[in-house]
Amino acid sequence: MSALLSVEDIHTFIGQFHILEGVSIEVPANSITALLGRNGAGKTTSLRSIIGLNPPSRGAIRFQGKVISGQRAFEIAQLGIGYVPDYRAIFRQLTVEENLRIAERKKGDLDRKKAFILALFPDLGRLYAWPGGQLSGGQQQMLAIARALVPDNQLLLIDEPSEGLAPVIIEQLMAAIRQLSGQTTVLLVEQNFRVARVLADRYVIVEDGRSVHSGLMADLAGDQALINRYLGAA
Amino acid sequence: MTTTTPPALRSTTLRQSLIVSGLFVVGLLVINFVFFPPSTVVTVVLSGLYQGMLFFLVASGMSIVFGLLDVLNLAQGAFFMIGAYAGFAIYGTLPESVSLEVRFVAALVGATVFGGLVGLAVEVGLLRPLYARPVFQIVLTFGLASAINEIVRAIYGPAGLIPIDPPAFLDTTLAIAGGRFETYRVFIIAVGLILMVGISLLLQRTRLGIVIRAGVQDREMVEALGINVRRVFTLVFMLGTAVAALGGMTAAPFLGAYPGMGTDFLLTAVIVIVIGGMSSYEGTAIASILVGLTRATAEQISLQYLNTPILASVSILIFMIVVLLVRPSGLFGKE
């Protein structure tokens with residue numbers, strides 16, 4: 001099986017801190033892979049290393065078979081990777097439309113995708129002319145995911161989409177992400193194991209900057225000992 | 001698709017800032033009418049607007065660059081001066097047989113292009129290696145300003161050049177409210193207004209504008225969306241220096257060109273940016289006009305009662321201090 005994305009034993013420093021000390025992740029095409037682990041384990045840094053915001057100093061990252069580590073973030077993104085950070089990074093002064101428009105890589109991207117995006121997140125249609133800063137947390141999360149859907153991305157990196165959101169909003173987001181998995185590949189960081197278990201096909205557990213376990217989500221869900229050991233009470 | 005109307009795009013703080021600015025202008029006008037006859041008031045207002053526009057041409061590039069790169073470009077005044085000298089050079093190079101109008105337009109366009117090209121060289125060659133160190137960049141731009149001053153002094157001498165002749169149709173006077181005014185002041189005001197509106201349209205209506213406004217908030221995310229932020233920086237820096245150079249050339253028929261002319265404008269531009277709220281474009285535009293009017297009013301009062309323009313520079317410092325005491329983030333700054 002050749003993976004769409006393979007992260008091979010990367011080490012990443014932020015300043016002088018050795019944050020990742022050997023993370024390996026295989027993400028097969030058209031699947032959802034969940035990156036699990038406790039707070040501070042290195043999940044967010046793993047995503048940032050992949051997109052090139054915190055480039056790894058050792059190891060390699062391959063996307064569609066080609067090494068992408070070492071390229072700049074904008075070049076990596078242009079290969080077809082969408083990034084949805086945990087803080088959502090909605091541009092507050094820009095309208096919802098402009099927040100989507102800025103993600104275009106080819107002219108007309110948004111016009112092609114608009115109907116699909118608004119069908120996925122009907123709220124955004126209603127709020128199309130609103131400034132991003134006026135949106136609620138859930139609406140901003142939807143916009144952040146929608147923004148990653150504007151260009152033709154083969155891979156989405158989604159960091160903590162459920163964080164701080166009401167259960168009913170989480171349900172909506174889960175439905176949307178589930179619907180996406182048919183046509184794109186997702187690497188998801190998720191603190192909420194219940195969410196991750198429903199969404200993901202595969203999992204990778206990160207602890208203290210190392211990937212320590214991976215496999216099929218169906219197997220993990222039945223292994224309470226493993227869950228307790230790495231994820232705490234879930 | 002049903003859409004709901006967005007809440008007032010202009011936030012309440014922005015509206016408050018606009019009201020405060022409006023009241024300030026009204027206050028200045030009242031002071032003017034108390035002290036001076038109407039013909040003098042018109043002179044003061046025109047003088048204030050023309051100075052304000054020149055401040056804007058220097059400050060606009062600085063404030064956008066600051067918002068995007070966190071670099072206060074202290075060489076921006078030097079670019080203003082470069083524009084004036086480039087204008088002189090073009091005037092001097094073109095043969096006498098070329099009409100004054102053509103030479104004037106050539107000087108305006110040439111100075112703008114030259115300012116942009118020098119800006120490009122500075123950004124790529126000097127600033128880019130220092131992106132991780134904003135403080136170093138500020139020191140660098142300060143040193144660059146001194147260097148440019150000395151280069152100009154070495155080439156053209158310390159004395160400065162007498163103002164170049166504007167085309168005949170701008171070299172006239174206008175009669176308004178019983179007073180006479182140089183038409184050229186009105187031209188400077190027009191150039192400033194056109195750029196004010198033009199830059200605003202660029203920021204609001206174009207893709208580059210969207211990227212700039214987004215980049216001011218979160219350049220990392222802009223980069224992660226697949227946009228080459230460094231190239232945007234270069235372009236914005238270049239546009240800023242080009243506008244400053246255009247300002248210098250626009251002022252040349254009025255002020256001439258002399259070493260150090262940039263420093264005068266730089267200091268006022270910094271005051272304008274601080275009053276406006278550092279990286280707010282609206283703030284910079286409006287503060288330019290407020291500072292220009294304040295300065296012109298104080299200048300006139302000072303000339304009339306003290307026989308010296310000394311209060312002009314003092315007044316804008318006091319203005320800045322008051323604004324900072326009341327609103328430390330500036331008139332249009334984020335809290």
Side-chain angles (χ1 to χ4, degrees), chain A residues 47-48 50-54 72-85 87-107 109 114-115 118-119 122-135 144 147-148 150-153 157 159, chain B residues 1-15 63-64 67-68 128 131-133 200-235 277-283 332-335:
Chain A
L47 291 196
R48 289 175 58 88
I50 295 166
I51 193 69
L53 293 174
N54 290 125
R72 290 183 39 210
F74 81 92
E75 295 167 321
I76 294 174
Q78 281 176 1
L79 297 173
I81 301 181
Y83 176 52
V84 183
Y87 66 103
R88 287 149 205 166
I90 295 307
F91 303 113
R92 292 186 298 271
Q93 313 285 329
L94 268 52
T95 64
V96 167
E97 178 179 5
E98 287 170 332
N99 265 288
L100 296 172
R101 185 78 64 192
I102 193 175
E104 285 188 328
R105 285 195 204 119
K106 295 192 299 284
K107 220 174 161 41
D109 272 348
K114 190 176 163 185
L118 295 186
D123 271 7
L124 295 183
R126 188 168 57 80
L127 304 167
Y128 214 53
W130 284 44
Q134 306 258 2
L135 268 50
R147 186 171 59 187
V150 171
D152 291 316
N153 282 327
L157 308 173
D159 199 350
Chain B
M1 178 178 84
T2 55
T3 58
T4 43
T5 342
L9 260 174
R10 307 254 160 228
S11 62
T12 44
T13 38
L14 182 57
R15 200 174 304 140
S63 106
I64 296 177
L68 209 51
R128 192 171 280 189
Y131 266 133
R133 304 187 178 94
S200 173
L201 288 177
L202 174 87
L203 288 175
Q204 297 301 326
R205 298 284 163 80
T206 66
R207 176 164 174 85
L208 176 64
I210 294 180
V211 171
I212 291 172
R213 284 185 288 141
V216 167
Q217 185 194 320
D218 189 343
R219 34 187 138 136
E220 208 172 56
M221 190 62 218
V222 173
E223 178 101 10
L225 288 172
I227 294 161
N228 187 348
V229 174
R230 268 188 223 167
R231 207 158 66 196
V232 176
F233 284 173
T234 308
L235 191 58
M278 292 313 280
S279 56
S280 156
Y281 174 75
E282 293 98 337
F332 291 77
K334 290 180 212 74
E335 292 288 348

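Proximity to chain B (any heavy atom under 4.5 Å) is shown, for Leu135(A), by neither the backbone nor the side chain. Contacts between Val216(B) and chain A at a heavy-atom distance below 4.5 Å are absent for every atom of the residue.
Per-residue heavy-atom pair counts under 4.5 Å with chain B were compared for Val150(A), Ile102(A), Leu79(A), and the maximum is reached by Ile102(A). No other option in Arg101(A), Glu75(A), Arg92(A), Arg48(A) has as many heavy-atom pairs under 4.5 Å with chain B as Arg92(A). Comparing Glu98(A), Gln78(A), Arg105(A) by how many heavy-atom pairs each has under 4.5 Å with chain B, the most go to Glu98(A).
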Exercise. Report the C-alpha distance between Phe91(A) and Ile210(B) in whole Å, list the side-chain angles of each, state the deciding distance to 0.1 Å, and finish with yes or no for side-chain contact (heavy atoms from CB on, under 4.5 Å).
Key: CA-CA 10 Å; Phe91(A) 303 113; Ile210(B) 294 180; over 6 Å; no
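Between the side chain of Gln217(B) and the backbone N or O of Ala89(A) there is no donor-acceptor pair closer than 3.5 Å. The main-chain N or O of Glu104(A) is found under 3.5 Å from a side-chain atom of Arg207(B) such that the two form a donor-acceptor pair.
Going from atom CD1 of Ile51(A) over to atom CE of Met221(B) covers 8.0 Å, rounded to the nearest 0.5 Å. Taking OH of Tyr83(A) as the start and CD of Glu223(B) as the end, the distance is 12.5 Å to the nearest 0.5 Å.
Phe74(A) and Ile227(B) get closest at one heavy-atom pair: CB-O, 3.3 Å. Residues Ala103(A) and Leu225(B) come closest through the heavy atom pair CB-CD2, 4.1 Å. Taking both residues in full, the closest heavy atoms of Ala224(B) and Ala77(A) are given as O-CB, 3.2 Å, listed atom of the first, atom of the second, then distance.
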